[in-house]
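On a predicted model such as this, the values are computed, not experimentally measured, just so you know.
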Amino acid sequence: MIGIDIVSIDRISRLKRRHGGIFLRRFLSDNELLLAKTDASVAGLWAAKEAASKALGVGIGAECGFFDVIIEKDTKNAPILKFSPKIYQNFGIKQAAISISHDGGFAIAAVIVSK
């Protein structure tokens, strides 16, 4: 299954200015906060989590929350997508791949999940 999401970096900047760290902690784990160095990277993480939930066919909500989608980086700084144990069990996930990019004021993420 495929999920894609795009978000305006300016929208993320406005939310950060308005709500500060509270906004970030609503959808990023402590480890993900370390990856969120710029507003563009925060927007990329937001898009990644949204795209992953869309690939599951449910979106962010009761079946898949922001903290059920885990973004890490490999040794070459490429994103790695993982899910909480609940998601692996409930959706039968075998593999997941992710790509995140940002340019022109937008961040976009694409996720492919196989069951």
Side-chain angles (χ1 to χ4, degrees):
M1 301 177 74
I2 298 172
I4 297 172
D5 193 67
I6 186 168
V7 64
S8 164
I9 296 168
D10 187 54
R11 175 179 173 228
I12 296 299
S13 298
R14 286 192 314 269
L15 287 166
K16 273 183 60 185
R17 279 193 304 273
R18 188 173 186 185
H19 303 288
I22 292 170
F23 163 67
L24 296 176
R25 292 207 172 271
R26 289 192 71 140
F27 74 99
L28 295 176
S29 69
D30 289 340
N31 288 335
E32 291 166 337
L33 283 168
L34 297 173
L35 303 176
K37 296 179 176 76
T38 66
D39 289 354
S41 62
V42 172
L45 291 167
W46 178 280
K49 288 176 177 256
E50 289 280 356
S53 69
K54 290 174 182 178
L56 296 174
V58 296
I60 295 293
E63 292 179 82
C64 178
F66 281 118
F67 294 102
D68 288 317
V69 179
I70 302 150
I71 310 298
E72 299 176 350
K73 296 283 183 124
D74 70 10
T75 57
K76 295 185 179 185
N77 209 33
I80 299 169
L81 174 61
K82 295 181 180 178
F83 293 98
S84 69
K86 170 185 98 172
I87 298 298
Y88 284 112
Q89 181 178 355
N90 291 351
F91 291 90
I93 304 300
K94 301 291 184 217
Q95 249 183 328
I98 186 166
S99 181
I100 305 170
S101 187
H102 35 77
D103 189 29
F106 292 92
I108 189 167
V111 170
I112 298 175
V113 172
S114 60
K115 297 181 178 187

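Atom CG of Leu34 has more than 12 neighbouring heavy atoms from other residues, nucleotides or ligands inside a 6.0 Å radius. No more than 12 heavy atoms of other residues, nucleotides or ligands shown are found within 6.0 angstrom of NZ on Lys94. Crowding of Asp74 atom CG: a count of heavy atoms from other residues, nucleotides or ligands under 6.0 Å exceeding 12.
At a threshold of 4.5 Å between non-hydrogen side-chain atoms, the residues Lys37 and Val42 do not count as touching. In this structure, Phe91 and Val58 have side chains that are in contact, with non-hydrogen atoms separated by less than 4.5 Å. A heavy-atom distance below 4.5 Å is not found between the side chains of Ile98 and Ile80. In this structure, the side chains of Lys54 and Asp5 come closer than 4.5 Å at one or more pairs of heavy atoms. Inter-residue side-chain proximity for Cys64 and Ile87 is flagged as met; some heavy-atom pair is nearer than 4.5 Å. At least one side-chain heavy atom of His102 sits under 4.5 Å from a side-chain heavy atom of Ile9.
The two residues Leu35 and Ile71 make their nearest non-hydrogen contact at CD1-O, 3.6 Å. Of all the heavy atoms in Lys82 and Glu72, the pair that sits closest is NZ-OE1, 3.0 Å. Across all their heavy atoms, Ile70 and Ser84 have their closest contact at CD1-N, 3.9 Å. Summarising the geometry of Ala107 relative to Ala40, their closest heavy-atom pair is CB-O, 4.2 Å, with the distance given to 0.1 Å. Considering every non-hydrogen atom in both Ala109 and Ala51, the closest pair reads O-CB, 3.6 Å. Between Val69 and Ala52, the shortest heavy-atom contact is CG1-CB, 3.7 Å.
In this structure, Leu24 CG and Asp30 CG are separated by 11.5 Å, a value rounded to the nearest 0.5 Å.
Follow the hydrophobic side-chain contacts under 4.5 Å out from Met1 and you never reach Ile100; the two are in separate clusters.
Using modelled atom types, one side-chain atom of Glu32 and one backbone atom of Ser29 make a donor-acceptor pair closer than 3.5 Å.
Counting side-chain heavy-atom gaps under 4.5 Å among Ile, Leu, Val, Met, Phe, Trp and Tyr, the cluster of Ile108 also holds Ile2, Ile4, Ile6, Phe106, Ile112.
With respect to Lys49 and Asp68, no salt bridge is recorded, no charged nitrogen being found less than 4.0 Å from a carboxylate O.
Sorted by first and then second residue, the pairs that involve residues 58-79 and meet ring pair (Phe, Tyr, Trp, His ring centres under 6.0 Å), not counting sequence neighbours, are Phe27-Phe66, Trp46-Phe66.
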Could you check Lys16 against Asp39 for side-chain contact (heavy atoms from CB on, under 4.5 Å), going step by step and ending with a plain yes or no? CA-CA 8 Å; Lys16 273 183 60 185; Asp39 289 354; 2.6 Å; yes

